[in-house]
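Just follow the structure's listing: the first ligand is 1, and inside any ligand the first atom is 1. Small disclaimer: the values here were computed from a predicted structure and weren't measured.
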Amino acid sequence: ESLNAMMKAKGKLYFGNIVDTNTLAEPNATEILKTEFGMFTPEYSMKWNFIQASQGKFTFDNSDKVVDWARKNDKQIRGHTLVWHQNIPDWVDAITDKANLTKVIENHIGKVVGRYRGRVYAWDVVNEVFNENGTFRNSVFHRVLGQDFIPLAFEAAHKADPNARLYINEYNLDFPGPKIDAMMNLIQSLQSKNVPIHGIGTQSHLTSNKTVDTVPAQLKRLASTKLDVAITELDIRLKRPVDDAKLAKQKQEYELVTRACLEINNCVGVSMWGVSDKDSWIPSTLPEFDAPLLWNKKFERKVAYKGVVGVLGNP
Ligand code: G3I
C-alpha cells in the first residue's frame, strides 16, 4: 500500500514529494513517485527565473511537463513558488518604483496562476519572508513595497484562481523563537484584514538530533491559527559520517514528525523534499550532512521508510 493511500486512510489529504524534469528523467525516481506519493511540488520549474527570466517572456515548457505528468498519473500539484527572494531575475531585482513592481507582481502571478487555474491544489504564494530573528528578509519586494507585497501577492493569486488553496511557506518554524513568533503575528494581521490566505507551509528541513523534538508543539501552534497547515519540504539530515545508529535515530524522527501531522486535525499532509539521498539538495548545499530521505542512493528503502509505514499502518 502506498504512503499516500495510508495517509488518506488516516483522513489526511496526501503524502507528497517534489518532482521536476530531472526526476522525470530518472526511472527509479519516477517509479517511486508514481507508486508512493499523491501530491507533487515542482522543485524548480515554477520559480520566477524559470518562468519569466526576461520581462514579458514566459517559458512554461518545464512546468507544463510537470503538470501534465501529474494529471496523466492522477496526481495533484502544489505550485511553488510565486514570490521569493531567490531565483529572481535581475530585471525584477532592479525595480525601485512601487507602481511598476506592483504591476510586475500582479502580471507574473496572474499569468502563472491563471495558466494552471483549476489544476493546482495549492500555491506557495510567498516563500521565506522572515530572517531568523523575525524581521522581514531583505528582498526587492520588501525594499520597495514593505509588508504590502504579501497581501498584494495573495490577492493576485486569489483573483487568478479562486479555488486554489493559498499558502505562506517558511523554514525553521520547527522550534520556538522569534521567527515563528513573527509568523504568528503576520498570520493574525493578514486574517484581520481578510486577506485570502488558507494555509501555512512549514518546510521542516530538519537536522537529526537537533531540531526534531520540538516539531509537534510548533505544528500545533501554527494550527492554532485555524488555517490549514502542511509540512511542505520534509527531510532530516544526518551529520557525516552516516552510520546505522544515526539511521535508526532518523527512523524515530520520521515517526515523530509523521505522527505530529496525524494528531493535528488541520494538518492536511506531509510532503518530502526528495526521494533518494542521491538527488537531495542537502549534500551539495550543506556538505557536512548527508542521507536526509527515505530511500538510499541505490533507491533502496531505508529503515526510516519502514518507520513511516509503521506509523501510518497502525490502526
Ligand atoms: O536546470 C538548470 C540547468 O539547465 C542550468 O544549466 C543550471 C545552471 O544555472 O541550473 C539548473 O537549474 C538549477 C535547478 O536547481 C535544477 O537543478 C538551479 O540553478 C538551482 O538554483 C536549483 O536549485 C533549487 C533551489 O531550491 C533554488 O531554486 C533546488 O533544486 C531545490 O531543491 C531548492 O529547493 C528549495 C525550495 O525551493 C525552498 N526551500 C528550500 C529548498 C532547498 O534549498
Interfacing atoms of ligand 1 (cut-off 4.0 Å, heavy-atom, [X]):
| X | answer |
| --- | --- |
| N87 | 21 (O), 27 (C), 28 (O) |
| E43 | 29 (C), 30 (O), 31 (C), 32 (O) |
| Q203 | 39 (N), 40 (C) |
| N127 | 38 (C) |
| E128 | 38 (C), 39 (N), 40 (C) |

Pair W123 + H80: ring centers closer than 6.0 Å
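That pair fails the under 6.0 Å test.
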I'd like to check [atom] in this structure: does the protein have a heavy atom lying under 4.0 Å from it?
| atom | result |
| --- | --- |
| atom 38 (C) of ligand 1 | yes |
| atom 23 (O) of ligand 1 | no |
| atom 8 (C) of ligand 1 | no |
| atom 19 (O) of ligand 1 | no |
| atom 5 (C) of ligand 1 | no |
| atom 27 (C) of ligand 1 | yes |
| atom 33 (C) of ligand 1 | yes |

Decide if atom CG of D64 counts as having more than 12 heavy atoms of other residues, nucleotides or ligands within a radius under 6.0 Å.
yes
Within a 6.0 Å radius of atom CG on D243, are there more than 12 heavy atoms belonging to other residues, nucleotides or ligands?
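Correct, the count exceeds 12.
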Do we get [X] above [Y]'s six-membered ring, with its NZ or CZ under 6.0 Å from the centre and within 45° of the axis?
| X | Y | result |
| --- | --- | --- |
| K239 | F289 | yes |
| K179 | Y171 | yes |
| R78 | Y167 | yes |

Option nearest atom 40 (C) of ligand 1 (shortest heavy-atom distance, choices E233, K47, H80, M46)
E233
Pick, from W48, F50, Y44, the option with the minimum heavy-atom distance to atom 11 (C) of ligand 1.
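Ranked by closest heavy atom to atom 11 (C) of ligand 1, first place is F50.
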Is W273 in polar range of ligand 1, meaning some N or O pair under 3.5 Å apart?
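So ligand 1 has an N or O lying under 3.5 Å from an N or O of W273.
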Would you tell me whether [X] and [Y] have side-chain atoms, one donor and one acceptor, within less than 3.5 Å of each other?
| X | Y | answer |
| --- | --- | --- |
| E233 | N169 | yes |
| W84 | E128 | yes |
| H198 | D228 | no |

Which of these passes side-chain contact (heavy atoms from CB on, under 4.5 Å) with D277: K302, R237, K298?
K302
Looking only at protein heavy atoms, which one is nearest to atom 43 (O) of ligand 1, and how far off is it?
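Atom 43 (O) of ligand 1 sits closest to the protein heavy atom W281 CE3, 3.6 Å.
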